[in-house]
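Below is one structure, written out as structure tokens, with a few remarks after it.
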Amino acid sequence: MEGINPLREERLRKLALLRERGLDPYPTKFERTHQSAQLQSEHASLAAGTETQTRVRIAGRLTARRLMGGASFLDLRDGSGRIQLHAASDKLGQEQYDLLTMLDIGDFIGLEGLIFRTRKGELSVRVEKFQLLSKALLPLPEKWHGLQDVEMRYRQRYLDLLANEESRRIAILRSKIVSAMRRYLDSQGFLEVETPTLQPLYGGATARPFTTYHNDLEQTLYLRISDELYLKRLIIGGLDKVYEICKDFRNEGISWKHNPEFTMMECYWAYADYQDMMQLTEEMVASIAKEVLGTTSIKFGEHTLELTPPWKRLPMRDALLQYTGIDIDKYRTLPELQSEIKQQKLSVDLQKTWGQQVDELMKVFVEPKLIQPTFIMNHPLELSPLAKRKADAPQLVERFEPLVAGMELGNAFSELNDPLDQRERFLAQEEMLRTGDDEAQRLDEDFITAMEHGMPPTGGLGIGIDRLVMILTGATSIREVILFPALRTVKAKSETAGE
RNA sequence: GGGCCGUUAGCUCAGUGGCAGAGCAUCCGCCUUUUAAGCGGAGGGUCGCAGGUUCAAUUCCUGCACGGCCUACCA
């Protein structure tokens, strides 16, 4: 691997040869008339063995060669698809023919030629003129097994995209999903806004932050773990419907559903509550699925997910009653709840507080079972310092999490807008921080000041974009839907093939 | 963080305590409708890295690096 790469040396030799002949291996521009997919569809009805006088100019990367002596076939790929080229020495002249067949797989060319369909039925372009557009020095992955090495697929995603159709499909779908989401929110009158990534105090979620430092301001800054508190400031400022799609950063472990930087959509809607947000969620996701995939029935592993609204509403209490047999309303203190857990012989880690214990029961016994879209609602107060209490059950909040395929897709609630209550909740969190919970939330005086100026009743929703893309594409790892997932940096070995 | 597994040619993968293998790719020769083109020949390896055991290690042992899966926290 280190030292000289003979395949690269060979290509350098060809590059030098081209330069000797006065050819520029890296020209600036090529005017195309068509892309390959367009040709395929425009000539779909052309019969096998038929020639045309249709002259086209196309460009792309050579991906395969079938050299057959005096005439050869080459495959050309551009951003839209693939088309076959036919090169014949009696059409091109021997010199041009030799030059074309000397080019390597991976090289870019532009060409002009006539459309025809071969006897075997493959639409092709007969090359009349061509030009090298870019010489590749390193070989592409193998042609029919593609690129399998997972590490190389993530580290050199460009090779993965070239070699593996599935990677290309997911990348394109992701873009379409985000675009469809924007279209949906825009159509509902939401205003897209941007808020700080670098924040003097992190907030809006329970997570450890990444810390950085601004030299000129001489102060510590945090990469946002959420944009929630900023978006609510905008609600206070009279922007009644806002959303932001942005990267959040959480200094946590990496898993099949966690990447340290991930994309989140958060939206806030004044005068709405969590019931409205549920409806928004199910309608938005179904609308995106229909627009992007043409259906709301989604294959995911061995399951078929049905995303058509309405989704099931399941209060946490009912869910736990159903899956563990425990009625949390009857065991309202930690000791009572834990003794009942032992009574029921449930195998679950014991937690420090009642709310965390309930959460743990949910994670172990309920969430993995919820395959079809389900809103789990009415969470314990202490896990939700930014959510409004339920009027009839003050130890619970008006909150829900959409679960699909056993995965939390997001989080939403009726936003707490009582500044005095908000201060108390923050103080409780600060207390948790002091007693060793390094994910507890921080007291944000500036945010409380904003709220003291008056905040309307508001519904808020966050959707994990990466997970939504996983569900809609059938990807079973978040790394398949993030083009450049977090990986440990390879230690420098100064091995850049050659030089 | 813990457990299990992987790392062999540019790529995809076999394999063995005793000369390192295949297909694709590359190079040479033949071939004007092929498409995983075909036929004939050739080159290409620090078997992840470092130690140890052994007459001999790519193979067995230990450590390390990178990665994967499971598990724990978070969306």
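We name chains A, B, ... by the order of the sequence lines, and we start the count at 1 in each one.
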(request) Remember a base hit wins even if backbone is also touched, and classify A/D438 as base, sugar-phosphate or nothing at under 4.0 Å, heavy atoms. (result) nothing
(request) Check the distance between B/U26's C1' and A/D107's CG and give it to me in whole angstrom. (result) 13 Å
(request) Rounded to the nearest angstrom, tell me the gap between atom CD in A/Q148 and atom P in B/U7. (result) 15 Å
(message) Between B/G45 and B/U58, how many Å separate the two C1' atoms, rounded to a whole number?
(response) 11 Å
(request) Go through B/U32, B/G67, B/A25 for me and flag the one nearest to the A/L7 side chain. (result) B/A25
(message) Measuring to OP1 and OP2 of B/U33, would you say a side-chain N or O of A/R126 lies under 4.0 angstrom away?
(response) no
(request) Using the P atom as the reference point in each nucleotide, state the distance between B/G15 and B/G52 in Å, no decimals. (result) 30 Å
(request) Using Watson-Crick or G-U wobble geometry with both distances below 3.5 Å, tell me the partner of B/A25, or none. (result) none
(message) Closest approach to the side chain of A/E51, judged atom by atom: which nucleotide of B/C73, B/U33, B/G44 is it?
(response) B/U33
(request) Go through B/C13, B/A25, B/C73 for me and flag the one nearest to the A/E360 side chain. (result) B/C73
(request) Can you tell me, in whole Å, how much space there is between the C1' of B/C49 and that of B/U8? (result) 15 Å
(message) Heavy atoms from C-beta onward define the side chain here; which of B/U32, B/U26, B/U34 lies closest to that of A/A88?
(response) B/U32
(message) Any N or O donor-acceptor pair under 3.5 Å from the base of B/U33 to the side chain of A/R119?
(response) no
(request) Round to the nearest Å and state the distance from A/N5 atom CG to B/A25 atom C1'. (result) 12 Å
(message) Between A/Y202 and A/T211, is there a side-chain donor-acceptor contact under 3.5 Å, judged purely by atom types and distance?
(response) no
(request) Let me know the distance between CG of A/D149 and P of B/G48, rounded to the nearest Å. (result) 13 Å
(message) What's the closest nucleotide to the side chain of A/F116 if the choices are B/U33, B/C27, B/U12?
(response) B/U33
(message) Under 3.5 Å for both donor-acceptor distances, Watson-Crick or wobble: does B/G48 have a partner, and if so which one?
(response) B/C64
(message) Just by distance, no angles: are the side chains of A/R399 and A/N378 close enough, under 3.5 Å, to form a donor-acceptor pair?
(response) no
(message) When the P atoms of B/G48 and B/U59 are compared, how many Å lie between them, rounded to an integer?
(response) 8 Å
(message) With a 3.5 Å limit on both atom pairs, tell me what B/G43 is paired to, counting Watson-Crick and G-U wobble, or say none.
(response) none
(message) What is the separation between atom NZ on A/K120 and atom P on B/G38, rounded to the nearest whole Å?
(response) 13 Å
(request) Using the P atom as the reference point in each nucleotide, state the distance between B/A20 and B/C24 in Å, no decimals. (result) 23 Å
(message) Can you confirm whether the side chains of A/E244 and A/T195 place a donor and an acceptor under 3.5 Å from each other?
(response) yes
(message) So A/Q84, base contact, sugar-phosphate only, or nothing? Heavy-atom distance under 4.0 Å.
(response) base
(message) Quick check for you: among B/C66, B/U34, B/A72, whose closest atom lies nearest to any side-chain atom of A/R488?
(response) B/C66
(message) Could you identify the nucleotide paired to B/U32, looking across every strand shown and requiring Watson-Crick or G-U wobble geometry with both distances under 3.5 Å?
(response) none
(message) Any donor-acceptor pair, under 3.5 Å, between the side chain of A/E151 and the base of B/U7, if you only look at N and O atoms?
(response) no
(request) Would you mind telling me which residue lines up with the more 5' stretch of RNA chain B, A/I478 or A/A486, judged by nearest nucleotide? (result) A/A486
(request) Using atom NZ of A/K257 as one end and atom P of B/C69 as the other, report the distance to the nearest whole Å. (result) 14 Å
(request) Using heavy atoms to find the nearest nucleotide of RNA chain B for A/A207 and A/S477 separately, return the residue whose nucleotide is more 5′. (result) A/S477
(message) Categorize A/G462 for me: base, sugar-phosphate, or nothing, with a 4.0 angstrom heavy-atom threshold over every strand shown.
(response) nothing
(message) I want to verify a distance call: between B/C13, B/C27, B/C31, whose nearest atom is closest to the A/M68 side chain?
(response) B/C31
(message) If I pick the C1' atom on B/G23 and the same atom on B/G44, what distance separates them, to the nearest angstrom?
(response) 15 Å
(message) Rounded to whole Å, please give me the gap between CG in A/D98 and C1' in B/U32.
(response) 14 Å
(request) Describe, in one word, how the ring planes of A/F73 and A/H86 are oriented to each other, choosing from parallel (under 30°), tilted (30 to 60°) and perpendicular (over 60°). (result) tilted
(message) Please give the distance between the P atoms of B/U33 and B/G43 as a whole number of Å.
(response) 32 Å
(message) Suppose we define a pair by two distances each less than 3.5 Å, Watson-Crick or G-U wobble; what does B/A9 pair with here?
(response) none
(message) Less than 4.5 Å apart, side chain to side chain, heavy atoms only: is that true for A/V358 and A/M316?
(response) yes
(message) Determine whether a donor-acceptor pair (one donor, one acceptor, N or O, separation below 3.5 Å) exists between the side chain of A/D104 and the base of B/U26.
(response) no
(message) Looking at B/A72, I'd like to know if its phosphate oxygens (OP1 or OP2) sit under 4.0 Å from a side-chain N or O belonging to A/K363.
(response) no
(request) Look at the side chain of A/I105 and decide which nucleotide, out of B/A25, B/C66, B/U12, has an atom nearest to it. (result) B/A25
(message) For B/G23, does the base pair up with any side-chain atom of A/E142 as donor and acceptor (N or O, under 3.5 Å, distance only)?
(response) yes
(request) State which of B/U12, B/U26, B/A72 makes the closest approach to the side chain of A/E10. (result) B/U26
(request) Check whether any side-chain heavy atom of A/P402 lies under 4.5 Å from a side-chain heavy atom of A/E282, and answer yes or no. (result) no
(message) Testing the 3.5 Å rule here: is there a donor-acceptor pair between the side chains of A/R174 and A/T263?
(response) yes
(request) Using atom CG of A/L67 as one end and atom P of B/U32 as the other, report the distance to the nearest whole Å. (result) 12 Å
(message) Could you check whether A/S167 and A/D160, counting side-chain N and O atoms only, form a donor-acceptor pair closer than 3.5 Å?
(response) yes
(message) Roughly how many Å apart are B/C4 and B/C64, using the P atom of each and rounding to a whole number?
(response) 13 Å
(request) Any strand is fair game: report the nucleotide pairing with B/A14 by Watson-Crick or G-U wobble, both distances under 3.5 Å, or none. (result) none
(request) Verify the neighbour count for atom CD of A/Q53: are there more than 12 heavy atoms of other residues, nucleotides or ligands below 6.0 Å? (result) no
(request) Assess whether one donor atom and one acceptor atom, taken from the side chain of A/E122 and the base of B/U35, lie less than 3.5 Å apart. (result) yes
(message) Going by the glycosidic torsion and a 90 degree boundary from 0, is the base of B/C19 oriented syn or anti?
(response) syn
